[in-house]
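For reference, the structure is listed below as structure tokens.
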Amino acid sequence: MKTALLTHADCLGHITPEGHPERVARLEHILHALEPLDLDRKTAPLAADDDLLRIHPESYIQDIRRAAPTEGFRQVDGDTFLCPGSVSAAYRAAGAAVRAVDLVLGGEAPNAFCAVRPPGHHAETDTAMGFCVFGNAALAAKHALDHHGLKRVAVFDFDVHHGNGTQDLLWDEKRALVITSQQMPLWPGSGRPDETGTFDTVLNIPLPPGSSGVVMQAAYRALAFPRLREFRPELIIISAGFDAHQDDPLAELNWSTDDFAWITSELCKIAGEVCGGRIVSTLEGGYDLRALSEATRAHVEELMKAAQ
Ligand SMILES: [Zn+2]
């Protein structure tokens, strides 16, 4: 079986103002880089409101639908803008996560990557934030737990920014382990080690600016991977942000494309040990187009190797 790739043209219809880093070209470059790969290509469906209600209140979902303009842009947060196509894009991004979980848990794909935008890991329960509208990774986790009846899932977030939204949405969820590494200090400012969740199922790993892949690998080997193995998740969900790359303009970590391949390969190894290799990965950040597309391709190629 092949690695599944979920995407939809609607995700290219989420247009942001001129100069905004989270732009259409990001996904265009990723899709171009993935074009030659032998993937099981699937159309991302629109999420159902019943899916979104697993993580967001109805009032928030309605607010987002109402906020989308019929032309131009509407700002819903300091960094987050909606255009006429944004609601469809956000529903596809969330729907991709749900469908990817169904494919992997249904045995139709060994693992899956969702090439979607807007990203999700900064969206809190009732707050759009940091380019994010719906909490795609947290939704994948809740769907796996509540719809498929899994007992334990893990979300692994290697985006350079703290996954504050995922942490917020899963703060009280003892069936979900959230591991997130982030440059600190950096926006949004949260993600200290003492933020551990109601049931001690949140692990924050701050990394100082300038940290190389060597520093990351040491931290993951010492803290993240033992915790992940100990938790024995039945599914690993990856918040795949590539903005810790040394060429990224929004942050100051110095990881290489090979580092993203290494992380993915290690996560695939752990998934092989504890959950039959089951991984669902969804795109978060990454703002240097070349670094983003190369690192995403390296990530997906590792998923493909593990799928064989
Ligand atoms: Zn980020």
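Start at 1 and go down the list; that is how both ligands and their atoms are numbered. Below, each value reflects all heavy atoms present in this structure, side chains not excepted, and no hydrogens, waters or symmetry copies.
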| Does one side chain, of Tyr91 or Arg65, offer a donor that lies under 3.5 Å from an acceptor on the other? | yes
| request: May I ask you to say whether Glu173 pairs ionically with Lys142, meaning some side-chain N is under 4.0 Å from a carboxylate O? | output: yes
| field | Close side-chain approach of Thr296 and Phe113, heavy atoms under 4.5 Å | value | yes
| query | Can you tell me if His121 has an N, O or S atom under 2.8 Å away from the Zn ion (ligand 1)? | reply | no
| message | Restricting to N, O or S, what is the name of the atom of Asp159 that lies nearest the Zn ion (ligand 1)? | response | OD1
| message | Is there a side-chain contact between Cys268 and Lys305 in this structure, where contact means two heavy atoms from C-beta onward sitting under 4.5 Å apart? | response | no
| task | Give the name of the N/O/S atom in His161 that lies closest to the Zn ion (ligand 1). | result | ND1
| Counting backbone and side-chain atoms alike, does Asp243 have an N/O/S atom under 2.8 Å from the Zn ion (ligand 1)? | yes
